There are 2 protein chains.
Amino acid sequence: MAIETPLRCKQCSLYFESDNFCAQLSPIELVNLNRESRSAKLKRGDSFSDESLAQWPVVAVESGVLSLQHIMQDGRKTIAALFMRGDIIDLRSISDRKRGNLIALGKARVCRLSPSIFEKVVKANPDAHQVIWDNLREQTFRAIEHSVDLAKKQALEKLASFIFECRHHEGANDKSSSIVSIPIRRLDLAEYIGMQPETVSRCFRELESKGIIELETLTTIVIKNIPALRRIANGDRSVEENVKLENPDMKIISFA
Amino acid sequence: MAIETPLRCKQCSLYFESDNFCAQLSPIELVNLNRESRSAKLKRGDSFSDESLAQWPVVAVESGVLSLQHIMQDGRKTIAALFMRGDIIDLRSISDRKRGNLIALGKARVCRLSPSIFEKVVKANPDAHQVIWDNLREQTFRAIEHSVDLAKKQALEKLASFIFECRHHEGANDKSSSIVSIPIRRLDLAEYIGMQPETVSRCFRELESKGIIELETLTTIVIKNIPALRRIANGDRSVEENVKLENPDMKIISFA
DNA sequence: AATGTAATATGATCTATATCAATCATTGTT
DNA sequence: AACAATGATTGATATAGATCATATTACATT
């Protein structure tokens, strides 16, 4: 009798997209992994308890955005990392040093993978190994690049950089795509790029007033001038002046 | 005829410390990897050319400190990550998006590993695989924790946090060790924690004036009050006041 | 040891962004 | 659909840390 791919996996986007982990697995591997795993629907604010993470330290993100949050002793909160579809969060054996709370920033679907079966599959399946390895390195360099944004960039530059990060996450391929959706709330965005929500708001306004972006809705923006936004994100301070000259935001007052 | 561990490896600390990658390898594996690899001595400022990294994208750090630097278009420089002994820097196939320059911050020894042999060994040797996987995850979480420091912490808190990072790197085990060596220059330190060298200097003085640390030399400090430094690093703002009260920095002026 | 150069420290200002205060908009709930 | 409740915006002010200027110290080279 032929081994059937589990129904749950058949319905999961991680199985369909060829560059994801689960798409590399054979039906037998999927059956084994699926049997010992737990999928879950999360809503904003849902967090994984320490006990849950001790038992299920490997989490695959199917959809939505998860975050790793840090709360300082006087209440300041930071979102240290974002995880999106395709990311495999591997929190094994790092519980010793407390590394933060894993919290959903909106509706999300995840699959908590059995660590032992996961490990077995990774060792046996070279393609799966490759995918998981690349994903972890991607996470590393994403974190390092985020550090660059946080270290020396100004508010406007950080926001520009974040917009490209969002753009990269979704369309990924489509070079000319200028519609970007911001998948998280302003407050979370502020906590991620290390500024205050008020400043985030002001920076959105500033980019808009310079004609570089347009705010369609709270979560959807259109980039009107990709090169200019890119230059700001890369920290070319001269641009800001130039753009201002190109688009002087003076209004013609009607005469009596 | 028995296979001899290569001389070069016998003299390398990565081979002696049991938790390092090379210590997991069999003599045969070492011979193969060693034959196709290149070790190098670096001095401060030495950087890996793009061509070098294209051919040798896997670098093992034997001693010293390497950095991943980002230069913005207007000249602002950021040190995005630090790598120290035992770290394996894997820059394979990420040359597409430019990820920064790998530069030594002082005298350092590295071993550039042949990517193909490295890959072969990792797949064949489970112990080596475990070590390299743990190291990569360690790098990821180090970067994420660094983001926490950069995002919301104040100057003094960032410096305190960095001191613990240094302490963790060297002694690692010795809980009570209060002597910490700062392995990089003030300027590099400033670029790593995202502040100006002047501010770094002022913060060292402030910690000293509060009696929390003592500056032995430029590169050696003694922590006089570990819990207080820890609380500052964790962002407990109330501490700063308390310490001030406990150690009023007034000097008794000698009377005539 | 002497000398020149680079790194660090200190003091005086300035500015970007945090903070505070008050509306305005959006979302979820009954 | 109406109502809270939560989130986002806007304006006024305060401040931590950047920047600029200068002095001091450490380090390398002869």
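No experiment lies behind these values; they were computed from the predicted model shown. Residue numbers begin at 1 in each chain, while the letters A, B, ... track the order of the sequences.
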Side chain to side chain donor-acceptor pair (under 3.5 Å) for A:Ser161 and A:Asp149? Distances and angles first, verdict last.
CA-CA 7 Å; A:Ser161 211; A:Asp149 288 347; 3.0 Å; yes
Distance check needed: [N] [atom2] versus [X] [atom1], whole Å only.
X: A:Glu191; N: D:dG7; atom1: CD; atom2: P; value: 10 Å
X: B:Asp74; N: D:dT19; atom1: CG; atom2: C1'; value: 14 Å
X: B:Leu156; N: D:dG17; atom1: CG; atom2: C1'; value: 12 Å
X: B:Arg186; N: C:dA6; atom1: CZ; atom2: C1'; value: 15 Å
X: A:Lys153; N: C:dA16; atom1: NZ; atom2: C1'; value: 17 Å
X: B:Ile184; N: C:dA7; atom1: CD1; atom2: C1'; value: 14 Å
X: B:Glu216; N: D:dA26; atom1: CD; atom2: P; value: 13 Å
X: B:Leu187; N: D:dA18; atom1: CG; atom2: P; value: 13 Å

Are the side chain of [X] and the backbone N or O of [Y] linked by a donor-acceptor pair below 3.5 Å?
X: A:Glu208; Y: A:Leu215; result: yes
X: B:Lys152; Y: A:Thr78; result: no
X: A:His146; Y: A:Tyr192; result: yes

Would you list the protein and nucleotides 22-30 of chain C atom pairs, both N or O, that sit under 3.5 Å from each other?
none

Only one of A:Arg186, A:Arg185, A:Lys77 passes salt bridge (Lys or Arg N to Asp or Glu O under 4.0 Å) with A:Glu191, and that residue is A:Lys77
Does the side chain of B:Arg205 get closer than 4.0 angstrom to OP1 or OP2 of C:dT10 through an N or O atom?
yes
Please tell me if B:Arg185 has a side-chain N or O lying less than 4.0 Å from either OP1 or OP2 of C:dA7.
yes
Run the salt-bridge test on A:Lys210 and A:Glu206 with the 4.0 Å N-O cut-off and return the result as yes or no.
yes
State which of D:dT10, C:dA9, D:dA16 makes the closest approach to the side chain of A:Ser201.
D:dT10
Candidate pair B:Asp188 and B:Arg44, rule salt bridge (Lys or Arg N to Asp or Glu O under 4.0 Å), full reasoning
CA-CA 11 Å; B:Asp188 296 325; B:Arg44 191 176 78 206; 5.6 Å; no
Filtered N/O pairs between nucleotides 18-20 of chain C and protein, under 3.5 Å:
unit_1 : atom_1 : unit_2   : atom_2 : d
C:dA18 : OP2    : A:Gln196 : N      : 3.4
C:dA18 : OP2    : A:Thr199 : OG1    : 2.4
C:dT19 : OP2    : A:Gln196 : OE1    : 3.2
C:dT19 : OP2    : A:Gln196 : NE2    : 3.4
C:dT19 : O4     : A:Arg202 : NH2    : 2.9
C:dC20 : N4     : A:Glu198 : OE2    : 3.1

Do A:Arg112 and A:Gln55 come within less than 4.5 Å of each other through their side chains, counting heavy atoms only?
no
I want to check something: taking the side chain as every heavy atom from C-beta on, are B:Phe48 and B:Ile89 in contact at a cut-off of under 4.5 Å?
no
